[in-house]
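Single-structure report; data block below.
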Amino acid sequence: MLGDYDVDGVAATALLAAVLRACGLAVETLLPHRLREGYGFRPVHVERARERGCRVLVTADCGSTSHEAAAAALDAGLDLIVTDHHRPGAPLPAGVVEINPQRAECSYPFAELSGAGLAFKLASGFARHWGRPVDPTVLLRVACLGTICDLVPLTGENRVIAALGLAALPATPSPGLQALIAQARLRPPLRANDVGFRLGPRLNAAGRLADAGEALELLLTRDPDRARRLAERLEGLNDERRETERRTVEEAVAAVEARQPLARLLTVWDPGWHQGVVGIAASRLARRFHRPVVLWSVHGESATGSGRSVSGIDLHGFLAPWRDRLERFGGHAQAIGLTAAVGELESLRDEWEEAAAAWDPALLDRRLEYELDLPAAAIDDELLATLRRLEPFGPGNPQPLLKVGPLRLAGAPRHFGRGHVAADAVDDSGSTVRLLGWRWRERLDRLAGPFEALGCVEEDRLRGGPQLRLVDARPPPAAETPANASAG
């Protein structure tokens, strides 16, 4: 069993390995090492499988574009089953069984499953075939991790997997999941954001900075003491990841801003960047500059890159014409992974910038559309309960954005953590709304006068009741602010 080193791949591998073992099969698990081997299914994994005495090789969350490795597996006499959800390239060699809902010839009615979602379907079917049906709740707890963290659309079957898995997670009997939830200091009910921003990064940290096998072991272990030690280990790796990421983001921002005007597609590289964090750093730059970003980690004569896009721009489709110039290339519309020779980076950057110059400039406009314009008094328990019925939120089912105000701060904000802030604000009627801003310390401190806030209503887990998680804030139009009008 060969998986990927991210949350989706680890979760998919854990699902399939557990069910196949429950059906009486001897299963060996292999995960690529990000730094030594890079992404995906490679010929070296065929050799490792042979050394362990495997006769059948099953991939999880990878393999649809691994033609060289697939041919090596067949040459070695191994049966090969590829399960993947990434966009496929040319057909794999004859004799390979490929299960990928993204294949044009696939008739399955829902093509957007994550790797873990696909593993859930395959594991369930395999168990039924062997007369060993498994409680789907057990599998959904793990499948929801990959579904949420891989940012597939939370619609259709993905929405069902995420919702049922989240509901079942707090009662998990798995020592590993129990330890992970405790380490993240989470309390039920769990939301998609808890998985995406608390559990997922801890699981991902192993594959980013060390060995993803530690995250896989956490999901599979039945030893509570071992689970606790592994969860503590992932916590330490995640702290290290955050600091490494912070430095990379700061350096990448400086490099981007040094080249003016900003290109419509940002491409930057540096030999000092850790390849385990360039993907998440690219995500932060894409949000900051609101345009697609490709960051490269240079090591020797090769560079490993990760790209992240913005809504409306299919980065995978845009870069596909350069596939032949890249050593490796894969992913989907919003996230890609790629490898290239260092000598190609400058020319690739220039060609991508020239091609991206043809994009409609409106695609890069930073635009926030809100669903409701409400007074502070309307941010109440009834609204919170109504919005909960729309969960889980994520791609394809975004959290509703609300406009509230004009508001004024009611007292000094409370600062906590790494630049986070909480505050109370009042509107003209005297009604109060709680505000929460992640990394908003400097922005909120600048709001001396009246302001309008855009945000999402969430539960205040410290005090109970609703709060507005800030997305944007700005002074109201002059015509709506009597104080401003009279001053003019």
Side-chain angles (χ1 to χ4, degrees), residues 6 34 39 149-151 196-197 200-201 204-205 208-209 238 240-299 303-319 322 326 329 331-340 342 345-346 348-357 359 361-368 395 418-419 437-443 470-472:
D6 67 359
R34 184 188 293 263
Y39 167 78
C149 292
D150 215 53
L151 300 180
F197 294 102
N204 255 336
R208 291 189 185 282
L209 300 184
N238 194 45
E240 181 182 347
R241 185 271 308 169
R242 275 195 289 252
E243 179 58 26
T244 303
E245 173 198 327
R246 182 193 62 77
R247 292 195 304 269
T248 302
V249 168
E250 289 178 354
E251 294 170 5
V253 166
V256 164
E257 292 180 338
R259 297 184 75 237
Q260 294 292 338
L262 289 180
R264 293 183 180 177
L265 189 156
L266 305 177
T267 308
V268 191
W269 58 90
D270 192 283
W273 293 343
H274 194 295
Q275 72 181 69
V277 303
V278 290
I280 193 167
S283 295
R284 296 203 181 280
L285 264 70
R287 288 196 295 271
R288 176 168 180 152
F289 295 106
H290 201 257
R291 59 199 63 212
V293 176
V294 179
L295 296 186
W296 301 85
S297 168
V298 173
H299 37 93
T304 300
S306 286
R308 298 295 185 268
S309 194
V310 295
S311 178
I313 298 179
D314 180 349
L315 185 58
H316 185 280
F318 175 76
L319 295 181
W322 284 271
L326 302 168
F329 175 72
H332 46 79
Q334 293 296 298
I336 59 164
L338 61 176
T339 304
V342 173
L345 295 184
E346 189 168 346
L348 285 172
R349 180 195 63 193
D350 294 345
E351 291 171 31
W352 293 348
E353 289 181 356
E354 181 179 358
W359 290 344
L363 290 172
L364 304 182
D365 288 344
R366 192 183 299 275
R367 183 178 179 86
L368 295 172
R418 303 182 182 186
W438 298 113
R439 300 184 179 178
W440 259 69
R441 177 170 183 166
E442 294 182 2
R443 294 186 67 181
L470 293 169
V471 173
D472 195 15

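Bear in mind the structure is a predicted one, so any value in this text is a computation, not a measurement.
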Counting distance only, does the side-chain N/O of [X] pair as donor-acceptor with the main-chain N or O of [Y] below 3.5 Å?
| X | Y | answer |
| --- | --- | --- |
| Arg264 | Trp359 | yes |
| Arg242 | Glu240 | no |
| Gln275 | Arg34 | yes |
| Arg308 | Ser283 | no |

Less than 4.5 Å apart, any side-chain heavy atom of [X] and any of [Y]?
| X | Y | result |
| --- | --- | --- |
| Thr339 | Leu326 | no |
| Arg291 | Leu262 | yes |
| Thr304 | Val278 | no |
| Trp296 | Leu338 | yes |

Exercise for the section: Assess Arg349 against Trp352: is NZ or CZ under 6.0 Å from the centre of the six-membered ring, and within 45 degrees of the ring's axis? Expected result: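 Here Arg349 fails the 6.0 Å and 45° test against Trp352.
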Answer yes when [X] and [Y] have at least one side-chain N-carboxylate O distance shorter than 4.0 Å, and no when they do not.
| X | Y | result |
| --- | --- | --- |
| Arg246 | Glu250 | yes |
| Arg284 | Glu245 | yes |
| Asp472 | Arg443 | yes |

Taking every non-hydrogen atom, the tightest pair across [X] and [Y]:
| X | Y | answer |
| --- | --- | --- |
| Val256 | Gln260 | O-NE2, 4.4 Å |
| Leu285 | Val253 | CD1-CG2, 3.9 Å |
| Ile313 | Gln334 | O-NE2, 3.3 Å |
| Trp273 | Ser297 | O-OG, 2.6 Å |
| Phe318 | Ala355 | CZ-CB, 3.7 Å |
| Arg241 | Val277 | CG-CG1, 4.0 Å |

[atom1]/[X] to [atom2]/[Y] distance, rounded to the nearest 0.5 angstrom?
| X | Y | atom1 | atom2 | result |
| --- | --- | --- | --- | --- |
| Arg259 | Thr267 | CZ | OG1 | 8.5 Å |
| Arg208 | His274 | CZ | NE2 | 10.5 Å |
| Asp314 | His316 | CG | NE2 | 8.0 Å |
| His332 | Asp150 | NE2 | CG | 5.0 Å |
| Thr248 | Leu295 | OG1 | CG | 8.5 Å |
| Ile336 | Leu319 | CD1 | CG | 4.5 Å |

Exercise for the section: For this output row, return yes or no: ring centroids of Phe329 and Trp322 closer than 6.0 angstrom. Expected result: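 Ring centroids of Phe329 and Trp322 are no less than 6.0 Å from each other.
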Handout entry: Whether over 12 other heavy atoms sit under 6.0 Å from Arg367 CZ
Key =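 No, because the 6.0 Å sphere around CZ of Arg367 holds 12 heavy atoms or fewer from other groups.
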Exercise for the section: I would like to know whether Val298 and Leu345 meet side chain to side chain contact (heavy atoms under 4.5 Å, CB included); could you show each step before the answer? Expected result: CA-CA 10 Å; Val298 173; Leu345 295 184; 4.2 Å; yes
Exercise for the section: Let me see the working for Phe289 and Leu364 under side chain to side chain contact (heavy atoms under 4.5 Å, CB included), right down to the final yes or no. Expected result: CA-CA 9 Å; Phe289 295 106; Leu364 304 182; over 6 Å; no
